[in-house]
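These numbers come from the heavy atoms of this one structure, side chains and all, not from hydrogens, waters or symmetry mates.
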Amino acid sequence: MDNYDVKQFQEDLQEFHISLSSYQMEQFISYYEMLIEKNKVMNLTAITEFDEVLKKHFLDSLSLVKVCDLEDDISLLDIGTGAGFPGIPLKIVFPNLKITLLDSLQKRVHFLEEVINHLKLENVKALHGRAEDFAKPNMLREQFDLCVSRAVANLSTLSEYCLPYVKVGGSFISYKSEKVFEEIEQANYAVKVLGGKVVDEIGFTLPSSDIYRNLVIIRKCNNTPKQYPRKAGTASKNPL
């Protein structure tokens, strides 16, 4: 850990009212090192500089604290998690969370399993599959308090992927990197059809930066009709 300057990261986390133990900081550094090593043989991230990973991946993932109390025993699904964002950083800081990571690429899931084992994370599992695959009634449908996604897709499509997994009374929160007023307007019909309601959107810049971020909060008000999500690829090709 002595090889890395984490002072700015610690100061940034204070703005989120987060303070890390030395063990948690070591977990983040180990995660960074595993990410960079694996990135040599497969495409996990275009961002590789230590400070940038801390800011644009780790801190960004943890910005969820701006809209959620994560101290409770919450079941959380991270759809399209990629290299583990936001799920792994959230798990490191809030070990009480019960986290499921879902990704469509088997190689990424193998990497996530290596990270989970190496960091000794409990109550977290990585699943290989598309968002449509596990939303059946006898699988993970409406099983989660919270579903999150940093995946790049329009809000209508993401809502069809994510809302079927959320319990009534739970929430789907979409991480966005731009202003989203127009996107929310376009997604309102889809969100309503899927049993949800956009209740808030929070725009902010990441601490000590000019990096703009947005969290869109969608409450699950009613059960999602059984025909959703539609078969693989439909939601992205033909959004509601």
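- Smallest separation of non-hydrogen atoms from His128 and Leu105: CD2-C, 3.7 Å.
- Note on Ile88: it clusters hydrophobically with Leu146, by side-chain heavy-atom contacts below 4.5 Å among ILVMFWY residues.
- Under the side chain to side chain contact (heavy atoms under 4.5 Å, CB included) criterion, Ala131 pairs with Ile79, Tyr161, not counting sequence neighbours.
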Show your reasoning for whether side chain to side chain contact (heavy atoms under 4.5 Å, CB included) applies to His118 and Glu114. CA-CA 6 Å; His118 185 74; Glu114 290 172 12; 6.0 Å; no
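- The number of heavy-atom neighbours closer than 6.0 Å to CD of Gln227, taken from other residues, nucleotides and ligands shown, is above 12.
- A 4.5 Å side-chain heavy-atom check between Pro86 and Leu64 finds every atom pair outside the cut-off.
- Using the six-membered ring where Trp is involved, Tyr32 and Phe50 have ring planes that are perpendicular, over 60° apart on the 30 and 60° scheme.
- Residues Leu127 and Leu140 form a side-chain contact, since some pair of their non-hydrogen atoms from C-beta on lies under 4.5 Å apart.
- When all heavy atoms of Pro164 and Ser159 are compared, the closest pair comes out as CD-O, 3.7 Å.
- Rounding to the nearest 0.5 Å gives a distance of 11.0 Å between SG of Cys162 and CD1 of Ile173.
- Residue Thr45 holds its OG1 atom at 6.5 Å from CZ of Phe85, rounded to the nearest 0.5 Å.
- Between the side chain of Asn214 and the backbone N or O of Val216 there is no donor-acceptor pair closer than 3.5 Å.
- In terms of modelled atom types and a separation under 3.5 Å, the side chain of Asn222 and the main chain of Lys192 share no donor-acceptor contact.
- Side-chain contact between Thr48 and Asn39: present, with at least one pair of heavy atoms (C-beta onward) separated by less than 4.5 Å.
- A donor-acceptor contact shorter than 3.5 Å links the side chain of Tyr175 to the backbone of Ser61.
- Here the CG-CD distance, from Asn223 to Glu142, works out to 4.5 Å after rounding to the nearest 0.5 Å.
- Between Lys38 and Lys107 there is no side-chain heavy-atom pair separated by less than 4.5 Å.
- Going from atom CG of Leu240 over to atom OG1 of Thr234 covers 10.0 Å, rounded to the nearest 0.5 Å.
- Of all non-hydrogen atoms in Ile217 and Ser171, the two that sit nearest each other are CG2-OG, 4.4 Å.
- Glu201 has no carboxylate O lying under 4.0 Å from a charged side-chain N of Lys176, or vice versa, which leaves the two without a salt bridge.
- Contact of the Ser63 side chain with the Arg213 side chain is not registered, since no non-hydrogen atoms from C-beta on lie closer than 4.5 Å.
- When hydrophobic clusters are built by joining Ile, Leu, Val, Met, Phe, Trp and Tyr residues whose side-chain heavy atoms come closer than 4.5 Å, directly or via intermediates, Val67 is grouped together with Val199.
- For Phe9, the ring-ring contact (aromatic ring centres under 6.0 Å, His included) criterion is met by Phe28, not counting sequence neighbours.
- Residues Phe94 and Leu215 share a hydrophobic cluster, clusters being chains of Ile/Leu/Val/Met/Phe/Trp/Tyr side chains in contact below 4.5 Å.
- The 12-atom threshold is exceeded at CD of Gln106, counting heavy atoms of other residues, nucleotides or ligands nearer than 6.0 Å.
- In terms of heavy atoms, Val191 sits closest to Leu163 at O-CD1, 4.1 Å.
- Distance alone, capped at 3.5 Å, places no donor-acceptor pair between the Lys120 side chain and the Asn117 backbone.
- Side chains of Gln8 and Ser208: a donor on one and an acceptor on the other come within 3.5 Å.
- Looking at Arg141, its side chain does come within 3.5 Å of a backbone N or O of Thr224 through a donor-acceptor pair.
- A distance-only check finds no donor-acceptor pair linking the side chain of Ser149 to the backbone of Ser174 [under 3.5 Å].
- Contact check for Asp12 versus Leu206: no side-chain heavy atoms found under the 4.5 Å cut-off.
- Of all heavy-atom pairs spanning Leu102 and Arg130, the tightest one is CD2-O, 4.0 Å.
- Between Leu121 and Gln27 the shortest side-chain heavy-atom distance falls below 4.5 Å.
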Apply the test side chain to side chain contact (heavy atoms under 4.5 Å, CB included) to residues Met42 and Arg108: give CA-CA distance (whole Å), side-chain angles for both, the deciding distance (0.1 Å), then the verdict. CA-CA 9 Å; Met42 62 179 289; Arg108 284 197 292 257; 3.6 Å; yes
Step-by-step side chain to side chain contact (heavy atoms under 4.5 Å, CB included) determination, Phe16 to Lys66: CA-CA 7 Å; Phe16 290 164; Lys66 294 180 76 70; 4.0 Å; yes
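- Residues Val124 and Val109 do not share a hydrophobic cluster, clusters being chains of Ile/Leu/Val/Met/Phe/Trp/Tyr side chains in contact below 4.5 Å.
- For Ala187 against Leu155, the heavy-atom pair with the smallest separation is CB-CB, 3.8 Å.
- Rounded to the nearest 0.5 Å, atoms CG (Asn154) and CD (Gln186) are 7.5 Å apart.
- Checking side-chain atoms of Lys91 against main-chain N and O of Leu97 turns up a donor-acceptor pair under 3.5 Å.
- Remark: side-chain polar atoms of Thr81 are not paired, donor with acceptor, to backbone N or O of Asp78 under 3.5 angstrom.
- Atom CD of Glu178 has more than 12 heavy atoms from other residues, nucleotides or ligands within 6.0 Å.
- Residues Tyr189 and Tyr228 share a hydrophobic cluster, clusters being chains of Ile/Leu/Val/Met/Phe/Trp/Tyr side chains in contact below 4.5 Å.
- When atom types are taken as modelled, the side chain of Arg150 and the backbone of Asp60 share no donor-acceptor pair closer than 3.5 angstrom.
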Checking side chain to side chain contact (heavy atoms under 4.5 Å, CB included) for the pair Asp103/Leu101: CA distance, chi angles, key distance, verdict? CA-CA 7 Å; Asp103 197 81; Leu101 309 169; over 6 Å; no
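- No donor-acceptor distance shorter than 3.5 angstrom exists from the side chain of Glu132 to the backbone of Pro229, with no hydrogens or angles considered.
- Two residues are said to be in side-chain contact when any heavy atoms from C-beta on lie closer than 4.5 Å; Phe58 and Val53 meet this criterion.
- One distance of note links CG of Asn188 with CD of Glu183; it measures 11.5 Å at 0.5 Å rounding.
- Evaluation of the side chain to side chain contact (heavy atoms under 4.5 Å, CB included) rule for Lys167 yields Ser75, Asp145 as partners, not counting sequence neighbours.
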